[in-house]
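Quick notes on the structure that follows.
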Amino acid sequence: MAKDSRQIEGGLFPRKVVPVLIPMPAERAYSYALPEGVDAGPGQIVQVPLGPRLVSGIVWDGEADVINPDKLREITQVFDCPPIVEPMRRFIDWVSAYTLSPPGLVARMALRAPAAFDPEPMIEALRLTDVRPERLTAARERVLEHAGNGLAWSKSGLAHAAGVTPSVIDGLAKQGVFEPVKLPPPPVVAAPDPDFSPPALQAGQREAAEALRETVAKAGFSATLLDGVTGSGKTEVYFEAIAEAVQAGRQVLILLPEISLTAQFLDRFHARFGTRPAEWHSELAPRMREKVWRQTAEGQVKVVAGARSALFLPFADLGLIIVDEEHDPAYKQEDRVFYNARDMAVVRARLANIPVVLASATPSIESRVNAAQGRYQHLLLESRYAEAELPDLKLVDLRRHAPARGGFLSPVLLKAIEETLARKEQSLLFLNRRGYAPLTLCRVCGHRFECPQCSSWLVEHRFREQLQCHHCGHTERTPNACPSCGTLDHLAACGPGIERIAEEADRHFPDARVIVLSSDMMGGTKRLRIELEAIAKGEADIVIGTQLVAKGHNFPLMTLVGVVDADLGLSNGDPRAAERTYQLLSQVTGRAGRTGRKSHGLIQTYQPQHPVMQALASGDPQAFYERETDERNRAALPPFGRLASVIISAATRPEAETHARGLRAAAPVMPGIMVLGPAEAPLALIRGRHRFRLLVHGERGRDMQGFIRQMLSRGPKLRGSVQVQVDIDPQSFL
DNA sequence: AGCACGCCGACT
DNA sequence: GTCGGCGTGCTC
């Protein structure tokens with residue numbers, strides 16, 4: 001440790017100086033002096049003065065920087081809190097280096113529970129003494145009866161149990177019948193019981209579960225891809241791995257995409273382990289957040305189910321990580337610290353020397369490749385659970401089976417809906433586009449309605465009589481007259497949205513009960529839950545939905561799925577477009593066929609030869625995955641090269657584009673750097689500023705950061721900011 | 001990330 | 001003449 005000497009009244013008092021990571025984007029830990037008689041080792045959470053305020057930080061490893069002694073300030077408090085363990089500290093360092101973000105910002109994610117660093121207050125409780133009351137009333141008798149088991153009770157708890165008012169207990173306490181005792185705060189969740197309700201597993205499941213249990217029992221780092229079609233019982237299988245880890249007394253983290261963290265999942269866990277896991281997500285109430293954080297750090301909470309940020313919880317003794325739906329793009333965080341929680345989970349597991357399980361029905365290309373190359377253990381669940389059977393999928397070639405003029409449902413799909421209605425079964429129509437129509441134009445002058453802020457098309461929402469920009473949230477009232485030429489009632493809606501599909505379905509099947517589900521639905525999540533329950537009870541015949549219907553929710557009565565436009569999203573410049581489309585459509589069509597009844601899927605497309613469509617129709621994605629892997633290999637995209645994206649933001653779109661062009665032109669100057677062109681999010685409006693994103697392929701992110709700074713300093717002065725984000729690179733961390 | 005300092009437009 | 005916008009810089 002560095003020593004600082006300070007002259008105080010003629011004497012020399014050396015003070016111990018330690019590095020402290022501050023929740024702020026500084027490149028290094030700051031140096032702070034420890035007050036005399038106080039010690040704090042690496043991992044200890046402390047409070048330090050920073051400018052005019054006090055912040056909390058983590059004492060870091062290594063030597064503190066030697067700084068100007070006049071600037072050196074003292075740690076103001078060492079919290080009574082378990083220190084952040086060594087593997088977690090190495091994890092923070094690793095994520096910082098990998099994502100090119102300052103370590104303090106990464107540490108900040110681990111300290112997201114401001115009031116949790118002080119111990120939870122003890123609970124005031126009462127315990128029966130040997131003293132008996134002078135006069136015994138009926139109420140007092142009931143209280144004594146309930147409290148007679150030797151346990152301590154909270155005042156209100158005992159009053160409630162005995163059916164008396166708290167004043168009865170006050171009276172008894174005054175006479176010394178009860179003595180006050182302090183109890184430790186109650187755990188947020190009960191301890192899970194690994195033997196609570198072991199499931200009866202099917203043949204395929206049993207072997208996979210056995211393999212996972214062995215992996216967990218062996219301990220040590222390993223990564224396993226648990227790959228099984230929808231409905232094959234992946235959850236039951238990884239629950240067995242969890243049971244093994246819990247049995248060994250270690251902690252478990254289950255990562256889920258935010259949207260999958262539903263009551264349904266928690267109930268399933270409860271059914272298996274007799275208690276719910278602790279939850280961790282953005283909606284958690286602050287008080288609860290603190291309790292979960294604290295009890296996780298103390299090792300009291302054994303299982304946490306959480307969204308991606310749960311990866312930064314300070315587990316005392318983490319023994320297993322599960323990443324469910326590992327392909328889900330929601331694992332990517334794209335602000336401040338850019339990371340993919342799935343990949344970082346593998347890193348955390350490696351640094352903690354524990355197993356990690358990645359589960360998905362439609363694994364990402366990266367994970368497939370890692371499994372194929374033997375980096376990950378590969379467990380395959382091939383058959384569907386119980387009577388559930390995958391729907392048989394057929395492509396509908398829209399060139400041959402064109403919908404009627406002004407419509408979007410082909411005769412083939414309409415006939416299938418009709419037959420499904422006749423059998424009194426449910427149909428699901430999927431279209432990943434909210435609103436009525438994605439483009440509105442004037443039939444007289446050709447004027448297109450564009451967003452005044454970001455120049456993308458405005459989407460008509462006919463039900464709300466609004467035009468909305470799905471990029472920046474701008475809305476305006478749908479006008480009657482063209483704002484350009486003034487002609488009345490000559491506006492034409494182009495292309496379909498789910499509202500328009502609902503209109504078409506109503507027209508063809510006026511007696512059918514149609515429900516529209518989308519994320520912008522009036523009434524929010526509460527209304528959505530009600531609608532979902534109604535659907536499950538059979539109170540709808542045709543469900544029309546966006547992306548939202550692909551996730552989590554089960555529709556037990558659904559026997560037909562129609563994909564209205566399977567080509568949507570295939571040509572948006574995203575290098576993962578094909579993969580995403582395949583995953584999305586597999587999940588949507590997987591919603592059907594859980595009834596035991598024969599179910600069907602019809603996929604409308606103009607490109608029936610496209611590898612995605614072929615993979616869906618054949619039910620065998622192997623060829624598609626191989627082809628996609630080859631393509632990426634050729635383009636040096638993940639998983640084969642390090643990929644970074646540069647985000648340029650500027651005040652206007654032309655400005656952003658100018659800078660983007662400049663960067664692309666300058667890229668060849670820098671050896672090893674290749675700019676691949678606008679992709680993934682070609683244009684997005686964030687806080688009123690235009691952003692232009694390029695994917696850059698290069699080996700060393702930090703070099704690239706320097707290169708971009710240099711390049712921009714040579715060119716015209718940039719208005720706006722440049723950020724470099726390193727995207728996935730699963731090969732470099734194993 | 002916060003928060004202060006500092007330099008140019010519309011206003012009590 | 002001030003109040004207030006956000007650009008730049010600093011925090012052990």
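So that the names make sense, note that chain A is the first sequence line, chain B the second, and so on, each numbered from 1.
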(request) Write down the distance between CG (A/L54) and P (B/dA1), rounded to a whole number of angstrom. (result) 21 Å

(message) In whole Å, I'd like the distance from the CE atom of A/M24 to the P atom of C/dG9.
(response) 16 Å

(message) Measuring only between side-chain heavy atoms, which start at C-beta, is A/R348 closer than 4.5 Å to A/L318?
(response) yes

(request) Would you kindly give the CE-to-C1' distance between A/M109 and B/dA1, to the nearest whole Å? (result) 14 Å

(request) Specify the separation, in whole Å, of atom CZ of A/R112 and atom C1' of B/dA1. (result) 11 Å

(message) Measure CD/A/E27 against P/C/dT11 and give the value in whole Å, please.
(response) 15 Å

(request) Measure from CG on A/L50 to P on C/dC12 and round the result to the nearest Å. (result) 5 Å

(request) Ignoring the backbone of A/P25, work out which of B/dC3, B/dA1, C/dC12 is nearest its side chain. (result) B/dA1

(message) Measuring only between side-chain heavy atoms, which start at C-beta, is A/P82 closer than 4.5 Å to A/R294?
(response) yes

(message) Once you apply a heavy-atom cut-off of 4.0 Å, does A/P49 come out as touching a base, just sugar-phosphate, or nothing?
(response) sugar-phosphate

(request) With the side chain of A/P52 defined as its heavy atoms from C-beta on, choose the nearest nucleotide among C/dC12, B/dC3, B/dA1. (result) B/dC3

(message) Can you measure A/Y30 atom OH to C/dC10 atom P for me and round it to whole angstrom units?
(response) 11 Å

(request) Using only heavy-atom distances, determine whether the side chains of A/H327 and A/Q583 contain a donor-acceptor pair under 3.5 Å. (result) no

(request) Take atom CG of A/N68 and atom P of C/dC12, then tell me their distance rounded to the nearest Å. (result) 11 Å

(request) Could you tell me if the ring centre of A/F312 sits under 6.0 Å from that of A/Y339? (result) yes

